[in-house]
Amino acid sequence: MSETEDRKAASRPDASIDVQIDDGTRVFFDQSRAAVPVGQSTSFQPSPSDAKPPKPHYHGHRQRLRERFLKGGANALADYELLELLLCMAMPRGDVKPLAKSLITQFGSFANVLAARPEDLQKAKGLGDAGIAAIKVAEASAQYLARERAMELPVIASWEQLIDYCRVRLGHRKTEELHLLFLDRKNRLIADECHQTGTVDHTPVYPREVIKRALELHASAIILVHNHPSGDATPSRGDIDMTRKIVEAAKAMEITIHDHIIISQAGYNSFKTLGLI
């Protein structure tokens with residue numbers, strides 16, 4: 001190679017070749033980097049798109065709710081806050097406080113929201129399948145807990161737990177249901193079954209079917225439980241007549257009818273306490 005060709009090659013250094021300067025610093029040629037005009041700062045200046053967006057007004061609210069709940073339990077939260085905390089688990093983003101308040105207003109109470117039918121919950125604006133599932137899981141959990149407590153002792157000896165269970169199970173239903181609690185010889189709960197579902201104020205009952213099911217389960221006793229969606233737990237003439245027919249049919253098969261309990265949102269009534277059994 002001639003001396004002229006050597007000079008031309010040296011004037012076009014490859015970008016991947018590094019050059020040593022006297023102070024020992026390596027300089028890398030980067031032909032893609034634009035030259036910085038004289039007098040202009042070379043420090044990094046973030047573009048408007050790089051700036052972090054402002055935090056939402058509800059930032060940290062969920063954490064505060066969790067802390068209050070874990071420290072003070074359900075009593076530390078208002079009904080809508082308890083529902084809000086429940087919805088947070090199913091809806092990880094966004095502010096769910098307006099939705100929780102709207103549901104409480106629409107259904108009347110936290111308990112009514114849990115007991116609401118899925119098809120009614122689907123009509124609530126802003127509530128999706130994940131939120132509905134969370135609500136119904138909470139209702140099922142409450143029923144399981146109440147049932148386990150009612151089964152810990154003989155039903156007759158744990159009357160308060162039994163009433164709590166019945167109220168959780170039926171107190172917020174919008175249509176009338178008759179449930180049969182089948183008991184063994186030690187008065188422990190064998191099964192809780194919905195025997196009939198009726199309209200708002202009427203449930204058809206067939207005594208023969210009640211006794212047939214008791215025999216299938218080898219039950220020694222039965223407690224009848226049904227709800228009055230109207231809110232008035234006073235027995236109707238139809239309730240009294242139907243109960244007497246079941247009691248007569250049960251006696252023939254040596255099955256005891258311990259009680260007939262009517263549940264409503266306002267309270268309950270016991271046929272035995274009223275002297276009707």
Side-chain angles (χ1 to χ4, degrees), residues 106-124 132-133 135-148 150-151 155 162-183 189-217 219 221-250 255 257-272 274 276-277:
Q106 180 177 347
F107 292 98
S109 69
F110 177 74
N112 283 347
V113 173
L114 296 188
R117 299 179 304 173
E119 53 266 36
D120 292 331
L121 291 170
Q122 287 174 351
K123 299 175 184 177
I132 293 173
I135 289 172
K136 301 317 293 181
V137 166
E139 181 197 24
S141 300
Q143 291 180 0
Y144 272 103
L145 177 60
R147 186 176 187 275
E148 288 299 316
M151 293 179 68
V155 168
L162 174 65
I163 295 300
D164 287 344
Y165 171 62
C166 292
R167 295 183 72 172
V168 169
R169 193 85 164 90
L170 290 171
H172 300 275
R173 300 292 184 186
K174 299 302 181 184
T175 56
E176 193 167 313
E177 296 181 8
L178 172 67
H179 283 237
L180 304 176
L181 308 185
F182 297 99
L183 312 178
L189 186 63
I190 298 174
D192 166 14
E193 297 183 353
C194 179
H195 182 68
Q196 293 287 345
T197 300
T199 60
V200 171
D201 58 359
H202 178 66
T203 298
V205 180
Y206 304 98
R208 182 171 55 186
E209 295 299 321
V210 173
I211 304 307
K212 177 184 176 183
R213 184 57 179 155
L215 293 174
E216 290 173 348
L217 294 171
I222 303 172
I223 295 178
L224 310 175
V225 185
H226 87 276
N227 62 312
H228 279 182
S230 65
D232 183 3
T234 303
S236 67
R237 173 49 58 184
D239 294 335
I240 296 171
D241 292 341
M242 175 266 292
T243 303
R244 286 176 177 170
K245 290 178 182 179
I246 293 177
V247 170
E248 290 173 3
I255 296 173
I257 305 298
H258 278 314
D259 206 342
H260 184 171
I261 302 169
I262 299 178
I263 297 290
S264 74
Q265 290 192 34
Y268 74 95
N269 261 317
S270 159
F271 273 49
K272 179 164 284 188
L274 294 173
L276 298 174
I277 290 183

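In plain terms, the two heavy atoms of Leu274 and Pro235 that are nearest each other are CD1-CG, 3.7 Å. Residues Arg173 and Pro229 come closest through the heavy atom pair O-CB, 3.8 Å. Of all non-hydrogen atoms in Leu217 and Ile190, the two that sit nearest each other are O-CD1, 4.0 Å. Residues Gln122 and Ile132 share a closest heavy-atom pair of CG-CD1, 3.5 Å. The minimum heavy-atom distance between Ile255 and Ala219, with the atom names listed, is CG1-O, 4.1 Å. Here the shortest heavy-atom pairing between Tyr206 and Gln196 reads CD1-NE2, 3.9 Å.
A heavy-atom distance below 4.5 Å is found between the side chains of Glu193 and Arg213. Residues Asn227 and Glu176 meet the side-chain proximity criterion, which asks for heavy atoms closer than 4.5 Å. Using a 4.5 Å heavy-atom threshold, the side chains of Met242 and Ile246 count as touching. Between Leu224 and Phe271 there is no side-chain heavy-atom pair separated by less than 4.5 Å. Proximity of Ile262 to Tyr268: side-chain heavy atoms (C-beta onward) are nowhere separated by under 4.5 Å. A 4.5 Å side-chain heavy-atom check between Leu181 and His258 finds every atom pair outside the cut-off. Between Arg169 and Ile263 the shortest side-chain heavy-atom distance does not fall below 4.5 Å. Between His260 and Leu276 there is no side-chain heavy-atom pair separated by less than 4.5 Å.
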Could you check Asp120 against Lys174 for side chain to side chain contact (heavy atoms under 4.5 Å, CB included), going step by step and ending with a plain yes or no?
CA-CA 11 Å; Asp120 292 331; Lys174 299 302 181 184; 5.8 Å; no
Evaluation steps, side chain to side chain contact (heavy atoms under 4.5 Å, CB included), between Leu162 and Ile223:
CA-CA 10 Å; Leu162 174 65; Ile223 295 178; 3.9 Å; yes
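Between the NE2 atom in His172 and the OG atom in Ser264 there is a gap of 10.0 Å [rounded to 0.5 Å]. One finds the CG atom of Leu114 at 9.5 Å from the OG atom of Ser141 (value rounded to the nearest 0.5 Å).
Remark: Glu248 does not engage Lys245 in a salt bridge, criterion side-chain N to carboxylate O under 4.0 Å.
Between the side chains of Asn269 and His228, not a single donor N or O lies within less than 3.5 Å of an accepting N or O. No side-chain donor from either of Ser230 and Asp232 sits under 3.5 Å from a side-chain acceptor of the other.
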